Amino acid sequence: MSNININHPLPIDEVVTYKECLHNHSAALGHVTYDGCVKYIAGEDALLCACCGCHRNFHHKNTIFTAEPQTQTPDQVQEMRSKRKKRTTFSSEHKNKLIRFAESVGWKPRKEKKDEIESFCSEMGITRRMFIVWLINNRHRAINNA
């Protein structure tokens, strides 16, 4: 089982470097001319390149993202497990009642049988949603028995 949790994003380190200068020095004349500065070198003013004098934004920005592997303590794992929704389990008697009722409604929760489904669910002590989920998950019984 993977130890990556998609609900908690990994801490990401971002490394930014600036490469060649992309400042067009002859744009006013309608031409394209670059000065050939191949790497941004921070000068006295941190935003200006010491080599070509252009602002840092004219240099090609290269960003590398690295993800730190996340390790979870046993307390964090237990807390995550306690937050999970509990699965509904039915006794064999309840399963038999569910199967008989599902066969009577044709294994589909039709709108015209909504009242009948509601009364059955209240009699069983489950919600309509729980019945529909069970119906969808166990519909293969009708296919296999047919």
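Keep in mind that what you see is a predicted model, and the values were worked out from it rather than measured.
- The salt bridge (charged side-chain N to carboxylate O under 4.0 Å, His left out) contacts involving residues 118-130 comprise E118-R128, where partners must be two or more places apart or lie in separate chains.
- Taking hydrophobic clusters as Ile, Leu, Val, Met, Phe, Trp and Tyr residues chained together by side-chain heavy-atom distances below 4.5 Å, L22 does not share a cluster with L48.
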Next on the checklist: If you apply the rule side chain to side chain contact (heavy atoms under 4.5 Å, CB included), what do you find for L98 with I126, and how did you get there?
Outcome noted: CA-CA 11 Å; L98 287 166; I126 60 174; 4.2 Å; yes

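- To the nearest 0.5 angstrom, S122 atom OG is 12.0 Å from I117 atom CD1.
- Using a 4.5 Å heavy-atom threshold, the side chains of M124 and F120 count as touching.
- The NE2 atom of H94 sits 10.0 Å away from atom OG1 of T89, with the distance rounded to the nearest 0.5 Å.
- Within 6.0 Å of the CD atom in E112, the count of heavy atoms belonging to other residues, nucleotides or ligands exceeds 12.
- Between Y18 atom OH and N62 atom CG the span is 10.5 Å, to the nearest 0.5 Å.
- Taking both residues in full, the closest heavy atoms of C121 and T127 are given as SG-O, 3.9 Å, listed atom of the first, atom of the second, then distance.
- Minimum interatomic distance between N24 and H31 (heavy atoms only, all atoms of both residues): ND2-O, 3.1 Å.
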Checklist entry - Stepwise, does the side chain to side chain contact (heavy atoms under 4.5 Å, CB included) test hold for C37 with C49? => result CA-CA 9 Å; C37 177; C49 179; 3.8 Å; yes

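- One distance of note links OG1 of T88 with CG of N137; it measures 10.0 Å at 0.5 Å rounding.
- Under the 4.5 Å side-chain criterion, counting only non-hydrogen atoms from C-beta, V16 is in contact with K61.
- Ring-plane geometry between H23 and F58 is classed as tilted, the angle between the planes lying from 30 to 60 degrees on a 0 to 90 degree scale.
- In this structure the side chain of P109 reaches within 4.5 angstrom of the side chain of L135, judged on heavy atoms.
- Relative orientation of the F90 and W134 rings is perpendicular, given thresholds of 30° and 60° on the angle between their planes.
- Annotation: the span from E103 atom CD to W107 atom CH2 amounts to 6.0 Å, rounded to 0.5 Å.
- With rounding to the nearest 0.5 angstrom, the NE2 atom of H59 is 12.0 Å from the OG1 atom of T17.
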